[in-house]
Amino acid sequence: ISDVLVGAGIGMLGTRLGYVIVNHFANCRGENPLPPPGSGTGDRRPHFVDIKGGMAELTGDLGSRENGLFGENGSQFGVEGAYFPWMHVGFGGEWSLSSFPLNAENVVLPPGASQVSDGVFVTPMGTQSVYLGPYFDVPLGRTFSLTGKLTAGWSSGADAAVILEIAPAFQDQLGSETPLAVFTPQSGFGWATRLGIRAHIFPHSSLLLFGEYNSSIHDVEVAAFDVSPAGSTPLPPRTIPGVDLSYASLGLALSIMAW
């Protein structure tokens, strides 16, 4: 779905850009003339609320395929908005979610777990962020504007688990599946920056094509289990410090403008 939305956004922005170019050379005599002065960015302050979504890729520790667990391409969704007391500079905030499937093809099972295993799967890991900070908007004519932000605040992680599917011969003792390890990222500081092109398709709505980088580092608590034909025994908990869950995303936002 994220790929389709981004592709649709690129197509709509490209079409809009084509109208701008054609109307420029045709002296605004085309079927889709430029909006009248003031219906685009004009000299008004671009207060907005965005609903955004896109595809995301981990750039931190879980982005490397050399790890036992590594992240696949995932997705980002969020809501953000800003109030502009000045024409080009505003202040706002965002709430965003990210989710990344984890790949366990490099995981080596302990001897006991390998005896009872009929396969392994991993639940996704992600982050939730609440950030505040400055937003920027620079008009590029009457139809487009260049936007940016630099926000920071609180980031928390979603649990991920490595789950053993149990072979039928051992399901009486262990059930059909049992956790091998559960990873719980702790809350921490995070920040994000974004650059985008906003197309003002209607007086009070616009489309935003954006690229974003979200950085956060978390201590991760690990609850592991010794799984064998005799059963499942919890191991002493441990903490992995400073796990980088940063990601980059490319997406599309639908914006409500309150000039």
Side-chain angles (χ1 to χ4, degrees), residues 2-3 5-7 9-10 12-13 41 45-64 71-100 124-140 144-158 185-200 206-220 242-258:
S2 297
D3 297 351
L5 290 175
V6 173
I10 293 173
M12 295 175 73
L13 290 176
T41 57
R45 294 174 292 174
H47 320 304
F48 71 87
V49 175
D50 283 348
I51 299 175
K52 65 180 181 180
M55 48 191 176
E57 181 177 355
L58 285 164
T59 60
D61 295 327
L62 291 177
S64 173
E72 305 279 6
N73 289 341
S75 60
Q76 179 196 33
F77 172 81
V79 178
E80 61 185 314
Y83 173 79
F84 281 72
W86 304 280
M87 188 181 302
H88 303 303
V89 180
F91 186 83
E94 64 173 308
W95 169 80
S96 64
L97 293 172
S98 67
S99 179
F100 299 94
M125 178 174 282
T127 59
Q128 175 181 222
S129 303
V130 178
Y131 295 159
L132 299 172
Y135 285 73
F136 310 96
D137 186 280
V138 179
L140 302 174
F144 296 97
S145 61
L146 179 67
T147 74
K149 72 176 182 184
L150 181 59
T151 55
W154 169 84
S155 179
S156 66
Q186 302 301 294
S187 300
F189 174 79
W191 61 271
T193 185
R194 182 186 76 190
L195 192 64
I197 296 291
R198 191 183 299 279
H200 299 273
S206 65
L207 284 175
L208 174 68
L209 180 65
F210 67 88
E212 181 168 317
Y213 180 74
N214 190 306
S215 175
S216 61
I217 297 177
H218 305 259
D219 293 341
V220 177
V243 177
D244 188 348
L245 298 181
S246 302
Y247 64 89
S249 62
L250 176 66
L252 181 69
L254 175 63
S255 308
I256 299 172
M257 309 300 299

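Note that the structure is a prediction, hence the values are computed from the model and not measured. Heavy atoms only: backbone and side chains are in, while hydrogens, waters and symmetry mates are out.
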Would Glu80 and Tyr135 satisfy side chain to side chain contact (heavy atoms under 4.5 Å, CB included), going step by step from the backbone distance to the final call? CA-CA 11 Å; Glu80 61 185 314; Tyr135 285 73; 2.7 Å; yes

Determine whether Arg198 and Asp50 satisfy the following criterion, salt bridge (charged side-chain N to carboxylate O under 4.0 Å, His left out), listing intermediate values before the conclusion. CA-CA 11 Å; Arg198 191 183 299 279; Asp50 283 348; 3.5 Å; yes

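Using a 4.5 Å heavy-atom cutoff, the side chains of Gln76 and Ser96 are in contact. Side-chain contact between Phe48 and Thr147 is absent, with no heavy atoms from C-beta onward closer than 4.5 Å. Put simply, the side chain of Phe189 does not reach to within 4.5 Å of the side chain of Ile217, judged on heavy atoms. Side-chain contact between Pro85 and Phe91: absent, with no pair of heavy atoms (C-beta onward) separated by less than 4.5 Å.
In this structure a side-chain-to-backbone donor-acceptor pair under 3.5 Å is present from His88 to Asp137. A distance-only check finds no donor-acceptor pair linking the side chain of His200 to the backbone of Ser206 [under 3.5 Å]. Without hydrogens or angle criteria, His47 side chain to Tyr83 main chain gives no donor-acceptor distance under 3.5 Å.
With Ser216 as the partner, the side-chain contact (heavy atoms from CB on, under 4.5 Å) test is satisfied by one option alone out of Ser155, Ser156, Ser129, Ser98: Ser155. When each of Val220, Thr127, Thr59 is tested with Leu245 by the rule side-chain contact (heavy atoms from CB on, under 4.5 Å), just one qualifies, namely Thr127.
With 3.5 Å as the limit, one finds a donor-acceptor pair spanning the side chains of Trp95 and Gln128.
Heavy-atom neighbours of Leu146 CG from other residues, nucleotides or ligands within 6.0 Å: above the threshold of 12. Heavy-atom neighbours of Leu132 CG from other residues, nucleotides or ligands within 6.0 Å: above the threshold of 12.
If you take CG on Leu252 and NZ on Lys52, they are separated by 12.0 Å, rounding to the nearest 0.5 Å.
A salt bridge is absent between Glu94 and Arg194; no separation between the charged side-chain nitrogens and carboxylate oxygens falls under 4.0 Å.
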